[in-house]
Every structure is written in C-alpha cells, then in structure tokens.
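Counting convention: from 1, in listed order, for ligands and their atoms alike. Note that these values count all heavy atoms, side chains included, but never hydrogens, waters or copies made by symmetry.
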Amino acid sequence: MAVPLIFERSHPGRRGVAVPTPTGIAGQLADWVPAEFRRQSDLGLPEVTEEDVVRHYTYLSHLNYGVDTGFYPLGSCTMKYNPKVNDWAAGLPGFADVHPDQPPSTIPGLLFLLAELERALAEVTGMDAVSLQPAAGAHGELTGILMIRAYLAAQGDQRTTVLVPDSAHGTNPATAAMAGYQVREIPSNRRGRVDLAALRQHMDGSVAALMLTNPNTLGLFEDEVLEIAETVHRAGGLLYYDGANANAILGRVRPGDMGFDVVHLNLHKTFATPHGGGGPGAGPVAVKKALEPFLPLPRLVGNAETGWQWDYDRPQSIGRVRSYYGNIGVLVRAYAYLRSQGAEGLKQVAETAVLHANYLLSQVGQDYHSPFPGPVKHEFVLSLTEQKRRGARALDVAKRLIDFGMYPPTVYFPLVVEEALMVEPTETESREMIDRFADALKQINREIDENPALLHEAPHDTIVSRLDEARAARHPLLGWPQLKAEEESRS
Ligand SMILES: *Cc1c(COP(=O)(O)O)cnc(C)c1O
C-alpha cells in the first residue's frame, strides 16, 4: 500500500494524548481489579501522534465510495442522493440526545413527530395503521408475515404456504421460511410479470399470503395487480407488498388501493437515509384495519392535547420486534424528507425516477439487450448474453465501470434474467451524469471487441483489483496482523 497505515507509522514512545497518572481513589481503582482479570501482556497498540491518527482515518475515508462521491446506479437498492437538511434535523439535540428510557411526558415533540410520521406513511401507502419499530426491510417483512400468521390463526385458520414470484428479492422467501411457512415459487410470464394462470393454479386454501413487489424487481409494473389481489383474496389469502423501493410510486399509486393488506417500506432507500455497510435503517410496516390489533407492541396512542402514551394493553399483538421504538435518527430523517417534499414533491420524485430510468434505457438499449418491453418504472434489467458470447461477462462490464469512477449496477439479479445488469439511475441524478454513464456503457461495449483485457483486468485504479468475492465475504481479514501476514505470504 502506498500510504503507510497506522500500524506502520508506529514509533516507540510517540503519543497522541497525555493521560495523567491517576491519583487518590482513582489511583487505587486498578488495585481493586482481581489479579486474574488484569492484562498480562501489552496491548500492542500502535504508538502514534494525533496527527498520525487523523491522517490514517482521513486516508481510509477517501477510499470509500458512496452517494456523496459519485453515481451509484445499484438496482433494487435505490442509492440516491439524500439532502443534508434531513441529517441536520436528525442531529438536533432534542432528537439526538433523547434517552430511550425517558418518560413519554418529557418528549412530546419527538412523539408528535413519530405519530405524524406514522400518519404520513399510512397516507403514502394507502393503509390504516403503521408501526415504525422494524429496523430493516427484511425485519419489516418478518413482522408483516408474523402478523398475517397471527391474523389467520385468530380465525382458526392454519395455513401452511406463502407464494413468492421468481423475480422476488431473496429476503421474501427467507422471511416466509423463517415465519414457518413453506415457500412456493410463482413463475414470471414472457412479459416479466406474475403469470396469472400459474398463480390461479397454486392458489388454494393452504396459501396464507402472496408476497409481491410492485413495480417488481425487473422494474416492471404488475399491471394485472387487481386480478392478482382478487385471486388471492377469493381463496382467503392475504397480500403482502414489498415496498423497499417505493420511489417509483410515491404520490402516484398506493399499495392499499391495489388491494394489499400489509406493506413494508425501507426508509433507508426511499426516504432519505443512505444505506449500505449495515448502518441503521428502518422498515416500518403498514396494515389495513383488520390487521391493526396484531401490530407490534407498544403502540403510540394519544394526541397533542392529552399527550402521548405507549399502549401495551394489546392482547392480539405479535409482541415486540425491537427494543424501544425503532431507529429514531432514521425516522426523523424520513419525516423531514416527507415534509420538505410535500405531496407535490413526492409525486415529482416518482415521475423523475421513472423518467430517468426510461431515458437511460433509451440511451443504452441499442447496445445492450433489454429482455422485456418497456416502459419501465424506476429501474431496468439488461441481459448481457450477447456480450458474454463476445467474451465479456456482466461482471467484467460492472468492474470496468469502476475505472470510469462509477459504482457498478447490481449484477446477476434478479435470477430470472441471464447475465443480468440491473440499473437504477434514481431521481436525484442530473441529465449530464446519466449521459456520462450511458457513454461509459457504450464505450465498454466497444472495448469488448477492441481491447477485451481492459475488461477482464478491471478495475485498474482501485487499491485492490479483482477480489475473490465469495472468499472475501466468508473469510474476511479484518485485523491488521492477519492482513499483513496474508500480504507477506503472497509477496
Ligand atoms: C433492499 C430490499 C429488501 C430488504 O431490505 P433490507 O433493509 O436490506 O433488509 C427487500 N426487498 C427488496 C425489493 C429490496 O430491494
């Protein structure tokens, strides 16, 4: 590595801070620790100055890539730009410094905000009641399916199966299985939508729910959704809406009006919290009236006059799904985002997201095959089988894009498309940026014939090039000594 990392800057005797030698009671504290709990050997920390530490972490931070540094067209993940005013709101001391155990009477402002956010999300989704508790999309899914199970069980209805389309996000079947259901896959038709005839065949009294994403992960709107809803409901099943990526529908169409009974949203995708790297998120669930008694404990009840309380007296609730009341910072950001956009702004979000995706598809559609006819919603999927025949896989194209300073789109998902490249330009990018991306894709397509090594060896300018990704994920080297040993064993 070109820049020495902190362990290599270590110099015996260097100090960043001077900790005074404790005296008095503090000086005796160490004596109170029983001998067997005391450290026997040196910690082995690097000996560095404050300046070394600052430069080390600042250098590392510059190796990161994020929505604040560049284009990030990661399909099904909505990596869009998040306005900083929302971070400002979340950082206000009245929100950021609240202790989770503080009595409700001392935080009326925060509780007002949460109640208003619940109301706004109910309005946006066309549902009747909302819980902000789940901490992620998959967590919202599990909460939703557990509520469906409890709702059916309350009627003495023990169903065994959940239906999931073959284009669904992997969390959907995983959720259904975790909730104790058998998962049955519904095939897509030639138009990339749920095959209604196949759904009718699978739909019987054993089916608890159909989990659906709309627009689906191919970026296509399920235009037969009303027939789908009718089919499921007629057989006594419920409809679950995966609303992880809701930017294509905001202010235009609502899951509640399409016939869905339970919805989750990803506030960390659609509503102004950046995501990736496992940071805090929120996956609120919204339900129709009939499912309201099953929402997680506790519920926020009250109003501005009477004040707010946590209601634990809800015998049919599925119980708690998370400590306290969710990730407050993420919830405040979502509220600030909704208020700053307003109803008109949300509609514009959806229109722009859809316009950008269709514009980009029109720019690259000559060079890259799009397996389903458009128009699409907020994203689209390309199939790079023709490129593969010429010697470059979807992965090669994705890696080469890094050389252009752009984050690669999602690859090899959804599974129903061969050599898939899944692109979501998002509503926040400029026309110039989208054009630059289209130009990069077109240039890469030419390089396949002119200079294929450029693709196979990409990326060229990053600190590491091609990684064995499966190995990196399963055996990550996170400690400096392990990393150093690995480096030395290779050189
Ligand atoms: C991201 C995503 C999820 C899961 O959300 P997490 O917060 O990562 O758990 C579920 N469904 C779809 C369609 C998604 O894009």
Trainee: Taking the six-membered ring for Trp, are Trp310 and Tyr325 parallel (under 30°), tilted (30 to 60°) or perpendicular (over 60°)?
Mentor: tilted

Trainee: To the nearest 0.5 Å, tell me how far Phe260 CZ sits from Thr125 OG1.
Mentor: 12.0 Å

Trainee: May I ask you to check if ligand 1 and Gly137 share an N or O to N or O distance below 3.5 Å?
Mentor: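 Yes; at least one N/O pair falls below 3.5 Å.
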
Trainee: Going by distance only, is there an N or O of His264 that falls short of 3.5 Å from an N or O of ligand 1?
Mentor: no

Trainee: Taking the minimum heavy-atom distance to atom 11 (N) of ligand 1, which of Asp242, Asn245, Thr175 ranks first?
Mentor: Asp242

Trainee: Going by the atom numbers of ligand 1, which of them fall below 4.0 Å from some non-hydrogen atom of Ser76?
Mentor: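 Taking each heavy atom of Ser76 in turn, ligand 1 has 13 (C), 14 (C), 15 (O) under 4.0 Å.
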
Trainee: Do Phe380 and Phe372 have their ring centres less than 6.0 Å from each other?
Mentor: no

Trainee: Checking side-chain hydrogen bond (donor to acceptor under 3.5 Å, both in side chains) between Glu427 and each of Thr78, Thr352, Asn247, which is the one that passes?
Mentor: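 Option passing the side-chain hydrogen bond (donor to acceptor under 3.5 Å, both in side chains) with Glu427: Asn247.
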
Trainee: Considering heavy atoms of the protein only, find what lies nearest to atom 14 (C) of ligand 1 and give residue, atom and distance to 0.1 Å.
Mentor: Lys269 NZ, 2.9 Å

Trainee: Record the part of Thr78 in heavy-atom contact with ligand 1 below 4.0 Å; permitted values are side chain, backbone, both and neither.
Mentor: neither

Trainee: Give the atom numbers and elements of ligand 1 that come within less than 4.0 Å of a heavy atom of Ala136.
Mentor: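 Matching atoms, with element in brackets: 7 (O), 9 (O).
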
Trainee: Which ligand 1 atoms are under 4.0 Å away from a heavy-atom of Ala244?
Mentor: 2 (C), 3 (C), 10 (C), 11 (N), 12 (C), 13 (C), 14 (C), 15 (O)

Trainee: Please determine whether any non-hydrogen atom of His139 lies less than 4.0 Å from an atom of ligand 1.
Mentor: no

Trainee: So that I can tick it off, tell me whether Asp257 and Arg254 are bridged by a salt bridge, with the cut-off set at under 4.0 angstrom between side-chain N and carboxylate O.
Mentor: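 Here Arg254 pairs with Asp257 in a salt bridge, since their nearest N and O are under 4.0 Å apart.
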
Trainee: Going by atom types alone, do Tyr412 and Glu419 pair a side-chain donor with an acceptor below 3.5 Å?
Mentor: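 Glu419 and Tyr412 do have a side-chain donor-acceptor pair below 3.5 Å.
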
Trainee: Report the residue from Arg400, Gln387, Lys399 that forms a side-chain contact (heavy atoms from CB on, under 4.5 Å) with Ile444.
Mentor: Arg400

Trainee: Check if Cys77 has a non-hydrogen atom at a distance under 4.0 Å from any atom of ligand 1.
Mentor: no

Trainee: Phe95 versus Leu110: any side-chain heavy-atom pair under 4.5 Å?
Mentor: yes

Trainee: Is there a donor in the side chain of Arg322 and an acceptor in the side chain of Asn327, or the other way round, less than 3.5 Å apart?
Mentor: yes

Trainee: How does Ala138 reach ligand 1, if at all, at less than 4.0 Å between non-hydrogen atoms: by side chain, backbone, both, or neither?
Mentor: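 Near ligand 1, Ala138 shows its backbone as well as its side chain.
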
Trainee: Is there a nitrogen or oxygen of Asn172 sitting under 3.5 Å from a nitrogen or oxygen of ligand 1?
Mentor: no

Trainee: Identify the two heavy atoms, one from Asp311 and one from Leu297, that lie closest to each other, and give their separation to 0.1 Å.
Mentor: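 Distance-wise, the nearest heavy atoms are O-CD2, 4.0 Å.
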
Trainee: Is it the side chain (CB and beyond), the backbone, both or neither of Glu141 that lies under 4.0 Å from ligand 1, heavy atoms counted?
Mentor: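 Near ligand 1, Glu141 shows its side chain, while the N, CA, C and O stay back.
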
Trainee: For atom 5 (O) of ligand 1, what's the nearest protein heavy-atom neighbour? Residue, atom name and distance, please.
Mentor: Asn266 ND2, 3.1 Å

Trainee: Only heavy atoms of His268, strictly under 4.0 Å: list the atoms of ligand 1 that pass.
Mentor: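 Numbered from 1, ligand 1 contributes 7 (O).
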
